[in-house]
Amino acid sequence: MKDPLTQRLFFLFGLLIAAGVLGALLSPHFLQASTLGYLLQYVPVLGVLGMAQTLVMLSGGPGIDLSIGATMSLVGLAIAGLFGMGVPLLLACLIGVVIGALLGAVNAFLVCVLQVPSLMATLATFFAYSGLALALTSGSPIGGIPAWFGQLAQGRLLGIPVHMWTVFIPMAILLHVMLSSTKIGSHIYAAGNDERAAFLSGVKVWRLRFALYCLSGTIAGIAAIMTLSWFQAARPDAGEGMELLSVTVAVLGGAHIFGGIGRIMGTVLAVLIVTTLQVGLQLANISQAWQLAAIGLLLIGSVVADNAVGERLRARARRAPT
Amino acid sequence: MALVVLCAIFASQSEFFLTERNLTTILRNSVDLAVICAGMTIVIILGGIDVSVGGILAVAAVLIGRAYQYGAPDWVVILVGLSAGAALGAINGTIISKTRVPPIVATLGTMYIFIAVLFLVIGGVWISGLPNTLSFLVIGEFAGLPSGLYVIGAIYVFAWLLLRRTPWGQRVVAIGCDEGAARLVGIPVNRTKIQAYALLGLLAGFAAVLYVARMRNVEVNIGTNIALEAIAATILGGANIRGGIGSLIGALMGVLFIKITQNGLVLIGVSSLWETVVIGSLLIIVLILDALETRRIS
């Protein structure tokens, strides 16, 4: 329990249970088996975006990707557009993911090569991408996605949505293993903790960050495929609000905004908490305004709590230098 | 410089661009953003950022609307708007300075909360048909010049004096350059931060007064883009997001740049949907040029 990160996970787990209890108290419909499937329907898209955001933040800099939602919208439109022009859907998806990676590479170039602060660079690409998504479609969605494609995000396996099994869980495990037991993972933590020390000990800090921004775009592309399957159409505003929500999830999950601290498990728990809260309030017919307020309070509260715990641990460490 | 080029392009493409009427329209549309940008520049120089100004503007505007509906006189309405803005800004500042939550996270959180407050007060319905007793602040004319010009001028002269001619302004710059050092030499960092965020809130409240005076209604989605636009304008104007550096005049140029782009695109017949693309691309270009410049110097 001395490890603040483990403490954080327990804290989040408690919050998740609290959110569940709150949902159950607010609405008699919450404790039904069908709620679980409904709730998990919302998890994967925000979940993978949150994980991408966590990785970008972890590598320090300070890193942030505000364009992640806009990238997702744009890739969704590209896939639907390509499909409309006669490209086979699966090939279109593949191209879409590549486009996502390229859009991420633009961020990577701005941040890592030109050394523009990430907040500014991705704010600019956020404007450009989301504007492009609106302008290219005049604001109307592109439909015509075949019904079989809907299986990915609408189908259920053992009562749990298919994209939980096929995308969210594998990606969470993959990224978790990458962070905790590979050289790349320890390099990411090193770069986030102390850029200079990492550089001096041979970590190619900026090449690493470049790759992570590209990865963030790639993951946004994958998220676009899931929303496409879910709505059966590509909406130009599909990713609206996702940039802020993914930051919220990453920070709530314990990722430090200046890098070096954070875990995929925390982000996964945070996504579950946010979604449980949203669905619980939604089932209880409580206005969307309260959902926003709850997320805002959670975001600030979790960072404050985190700082307080960290302070106490440091104080304890000072008193007992062994 | 870029501003002149931009104007020349639009002027050559549309005969309406340089008419007095159109320029006045641009000015009127710029007033709220310009007022907020003065505060945003100070906060960015301080090394902070505030993405919740849209929320502050919205809450202040909805309170102003309600005050009007209760039949409050103008001076009460203005007071309500200003004090609501300053109070919300002070909340941001307090959270940021006392709890050490990074400004972008803190204001992200308060933005959610402010928007929630907006929804709860407004109840999903527009407030419309508000009186036009304050419209002279934006729409009126004084000595042959549109009154918006005087408002912007007054705000920027005030902000410039505050930033460049008072000890408080020096403290802001010092904190932006090196917060730790500022703390060590005895500058009241926390208090200065709270004051700066409260000032930005106050200006957002004032922008809300101007907004209501101009539009005479309060919509549900008020203020959604203004935070990003304000940050973009400030950066276009040469402020460094890391703090310490920034220019009020530059920010004002940034505001005009954004608003003229929006206006000009409509006039030359490009769909207004493209405006975000253009602003985003311009921002990217400015950032690249900046980066190359910095590299050349170092």
Side-chain angles (χ1 to χ4, degrees), chain A residues 62 64 66-67 70 106 109-110 113-121 123-139 236 240 243-245 247-248 251-252 256-258 287-308 310-311, chain B residues 49 51-52 55 95-96 98-124 224-225 228-229 231-232 235-236 239-242 270-292 294-295:
Chain A
I64 196 167
L66 290 178
S67 73
V106 175
F109 179 74
L110 287 171
V113 179
L114 293 176
Q115 306 276 325
V116 176
S118 58
L119 190 68
M120 276 328 298
L123 182 69
T125 51
F126 160 76
F127 269 120
Y129 297 169
S130 60
L132 210 56
L134 266 178
L136 290 175
T137 57
S138 320
E240 204 177 277
E243 51 286 331
L244 299 188
L245 217 48
V247 174
T248 307
V251 172
L252 179 62
H256 199 282
I257 197 118
F258 294 119
S287 126
Q288 213 199 339
W290 287 106
Q291 296 180 27
L292 292 176
I295 295 173
L297 284 175
L298 211 55
L299 177 63
I300 298 178
S302 73
V303 182
V304 173
D306 203 35
N307 284 356
E311 213 108 294
Chain B
I49 198 157
V51 293
S52 75
I95 295 175
I96 290 163
K98 299 282 183 205
T99 64
R100 306 264 182 94
V101 177
I104 180 156
V105 177
T107 54
L108 199 58
T110 53
M111 190 192 63
Y112 284 128
I113 297 171
F114 296 160
I115 297 291
V117 172
L118 166 74
F119 277 126
L120 293 175
V121 178
I122 204 171
T224 32
N225 269 337
L228 295 183
E229 279 181 4
I231 296 169
I235 301 299
L236 281 173
N240 186 330
I241 198 83
R242 296 190 182 93
V270 177
S271 153
S272 66
L273 291 168
W274 283 97
E275 77 191 27
T276 16
V277 186
V278 175
I279 296 172
S281 316
L282 286 174
L283 200 53
I284 294 176
I285 294 170
V286 170
L287 289 171
I288 292 177
L289 291 179
D290 248 19
L292 295 178
T294 330
R295 183 171 289 185

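Residue numbers start from 1 in every chain, and the chains themselves are labelled A, B, ... in the order their sequence lines are given, proteins ahead of strands. Worth saying up front: this structure is predicted, and the values here are computed from it rather than measured.
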*Kindly give the heavy-atom pair with the smallest separation between B:Ser281 and A:Ala128, and that separation in Å.*
N-CB, 4.4 Å
*Proximal component of B:Leu108, with respect to chain A [non-hydrogen, under 4.5 Å]*: both
*Determine the option with the most heavy-atom pairs under 4.5 angstrom with chain B, choosing from A:Leu297, A:Val251, A:Val247.*
A:Leu297
*Nearest-0.5 Å distance that lies between atom OH in A:Tyr129 and atom CG in A:Leu66*: 12.5 Å
*asked:* Under 4.5 Å from any heavy atom of chain B, what part of A:Leu252 do you find: side chain, backbone, both or neither?
replied: neither
*asked:* Is A:Phe109 in contact with chain B via its backbone, its side chain, both, or neither, using a 4.5 Å heavy-atom distance?
replied: neither
_Does any backbone or side-chain atom of A:Leu132 lie under 4.5 Å from a heavy atom of chain B? Answer side chain, backbone, both or neither._
both
*Please determine, among A:Leu136, A:Leu110, A:Leu114, A:Val113, the option with the most heavy-atom pairs under 4.5 Å with chain B.*
A:Leu114
_How long is the straight-line distance from CD1 of A:Ile64 back to CE of A:Met120, given to the nearest 0.5 Å?_
12.0 Å
*Chi angles and distances behind the side chain to side chain contact (heavy atoms under 4.5 Å, CB included) call for B:Phe114, B:Thr107*: CA-CA 10 Å; B:Phe114 296 160; B:Thr107 54; over 6 Å; no
*Contact part of B:Ile235 toward chain A, heavy-atom cut-off under 4.5 Å: side chain, backbone, both or neither?*
side chain
*Among A:Gly131, A:Ala133, A:Ala121, which has the most heavy-atom pairs under 4.5 Å with chain B?*
A:Gly131
_Let me confirm one number: the CG-CD1 distance from A:Leu119 to B:Ile49, rounded to the nearest 0.5 Å._
4.5 Å
*Counting only N and O atoms by type, is there a donor-acceptor contact under 3.5 Å from the side chain of A:Ser118 to the main-chain atoms of A:Pro62?*
yes
*Could you pull out the closest heavy-atom pair between B:Ala232 and A:Phe127, with the gap in Å?*
CB-CE1, 4.1 Å
_Looking at chain B, which one of A:Thr125, A:Leu298, A:Leu134, A:Leu123 has the largest number of heavy-atom pairs inside 4.5 Å, strictly under?_
A:Leu123
